[in-house]
Amino acid sequence: MPDLPAVVPEASLPERVTIYEVGPRDGLQNESTIVPLDVKAEFVERLIAAGLPIVEATSFVHPTWVPQLADAEELVARLPLDGPVPLPVLVPNERGLDRALAAGCTHVAIFGSATETFAKKNLNSSLDGQYAMFEPVVRRALDAGLDVRAYVSMCFGDPWEGQVPVGQVVDAGRRLLDLGATQLSLGDTIGVGTPGHVGALLDAFDGADVGVERLAMHFHDTYGQALANALAALRHGITTFDASAGGLGGCPYAESATGNLATEDLVWMLTGLGIGHGVDLDQLVATSTWMAGHLGRPSPSAVVRALGSVVD
Ligand code: HMG
Ligand code: MG
């Protein structure tokens, strides 16, 4: 079996993309198994060694809301925060920021919702209340010299509210960017998006003067659309993609949210398209196979399943 695809470029696609790895955070936050600290630290180190240019490490959220990541301080203390690979952490509020600053983090991410119901479920806040919660977080983080990313969730559909109009997503995204975030990651939290919808959403952001250079795409693969959606986004000029090693992931506060776009599946497609990404696929597959052993179940990634026994 070939261990790399043939390289056949497609005209007008970006030459290079940045893969923003979310496995240690989005992946592990949804696992019923609480992964030991040593394994988490090794997971992040192995992802860095595999060439991922940015690895979201954990969350400084309330430990009873996400017990899987309750060891954020201990984990971050073991990671190379001063190294060349940024290791962002999620912070929902000032308490989270205080913890991240005390731990020496240099990159943080706030996470807002495009819908009222998910703001309540995920942040215990109203939609308007989330901006009030984030405003001092972003201001203080920027004053301290930190880099601030913002997520917007439920961009393609919401399990409680159904379809989410693109205009509503653009409004939420604009408000988060206006707070001062440098990048906006558009989350298909429950994986219901399809490629035409991706194009319509990106066109709507463009129409609101938010160009692709400020956007990242964050796909979940619940309905098997994540890679098709990533290709649609590439064709619209997106150059930052969130992905999770082995396809781990989900959101404990979003019914029916399953794994993220698997980093290996994205890497395989990018390699085939001749698009630079800097990731060593063999090392990455070996890492996901190793992690699947710790979680006690096979990786949902098609590429890990195809290559796993070959490279481990
Ligand atoms: P709350 O209960 O409303 O908090 O939760 P509060 O402000 O009322 O405070 C209550 C107590 O919690 C206080 O302590 C605070 O100090 C403490 P007490 O005075 O009672 O002793 N507290 C904290 N402790 C530690 N760290 C903190 C913190 N904040 C307050 N940061 C809160 C509000 C936002 C904290 C809660 O709703 C929460 O932690 N939510 C996080 C949920 C989460 O992590 N979801 C998953 C990530 S989002 C996601 O996965 C989507 C994404 O991947 C994109 C996509 O797919 O769309 C990003
Ligand atoms: Mg997510």
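Predicted model only: the values in this text are computed from it and were never measured. Atoms within each ligand, like the ligands themselves, are counted from 1 in listed order.
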Number the atoms of ligand 1 from 1 as they appear, then name those within less than 4.0 Å of a heavy atom of Asp26, with their elements.
50 (O), 53 (O)

Give the numbers and elements of all ligand 1 atoms closer than 4.0 Å to a heavy atom of Gly96.
31 (N)

One thing to verify: whether Glu45 and Arg78 come together as a salt bridge, which I'm taking to mean a side-chain N less than 4.0 angstrom from a carboxylate O.
no

Are any of the N/O atoms on Tyr151, whether in the backbone or the side chain, positioned under 3.5 angstrom from an N/O atom of ligand 1?
no

Below 4.0 Å from any atom of ligand 1, is there a heavy atom belonging to Ala109?
no

At less than 2.8 Å, would any N/O/S atom of Asp242, backbone or side chain, sit next to the Mg ion (ligand 2)?
no

Relative to Phe60, does Arg99 satisfy both conditions: NZ or CZ under 6.0 angstrom from the six-membered ring centre, and within 45 degrees of the ring's axis?
no

One finds that the ligand 1 atoms under 4.0 Å from a non-hydrogen atom of Ser153 are 51 (C), 54 (C), 55 (C), 57 (O)

Assess Arg25 against Tyr151: is NZ or CZ under 6.0 Å from the centre of the six-membered ring, and within 45 degrees of the ring's axis?
yes

What atom name does the N, O or S atom of Asp26 nearest to the Mg ion (ligand 2) carry?
OD2

For His220, the ligand 1 atoms with a heavy-atom partner under 4.0 Å come out as 56 (O)

Of all the N, O or S atoms in His220, which one sits nearest to the Mg ion (ligand 2)?
NE2

Under a 4.0 Å threshold between the charged nitrogen and the carboxylate oxygen, would Arg149 count as salt-bridged to Asp242?
yes

Going by an N to O cut-off under 4.0 Å, is there a salt bridge joining Arg297 and Glu31?
yes

Note: ligand 1 atoms sitting under 4.0 Å from heavy atoms of Pro63 are 25 (C)

Does the side chain of Leu75 come within less than 4.5 Å of Leu37's, by heavy atoms?
yes

If the cut-off is 4.0 Å to any non-hydrogen atom of Asn124, which atoms of ligand 1 fall inside it?
1 (P), 2 (O), 3 (O)

Go through Thr222 and His220 one step at a time and tell me if the side chain to side chain donor-acceptor pair (under 3.5 Å) criterion holds.
CA-CA 6 Å; Thr222 320; His220 285 259; 5.7 Å; no

Which of the listed options, Gln68, His218, Arg25, holds the heavy atom that is closest to atom 58 (C) of ligand 1?
Arg25

With a cut-off of 4.0 Å, which atoms of ligand 1 are near a heavy atom of Leu123?
33 (C), 34 (C), 37 (O)

For ligand 1, which atoms have a heavy atom of Val66 less than 4.0 angstrom away?
43 (C), 44 (O)

Is there any N or O on Phe60 that sits under 3.5 Å from an N or O of ligand 1?
yes

With a 4.5 Å cut-off on side-chain heavy atoms, are Arg140 and Asp98 touching?
yes

So do the side chains of Lys121 and Trp160 get within less than 4.5 Å of each other, counting heavy atoms only?
yes

With the Mg ion (ligand 2) as the point of reference, which N/O/S atom of His218 is the closest?
NE2

Looking at ligand 1, does any of its N/O atoms fall within less than 3.5 Å of an N/O of Asn122?
yes

Sorted by chain and residue number, the side chain to side chain donor-acceptor pair (under 3.5 Å) partners of Thr182 (sequence neighbours excluded) come out as Asp147

Cationic N near anionic O, under 4.0 Å, Arg175 to Asp128:
yes

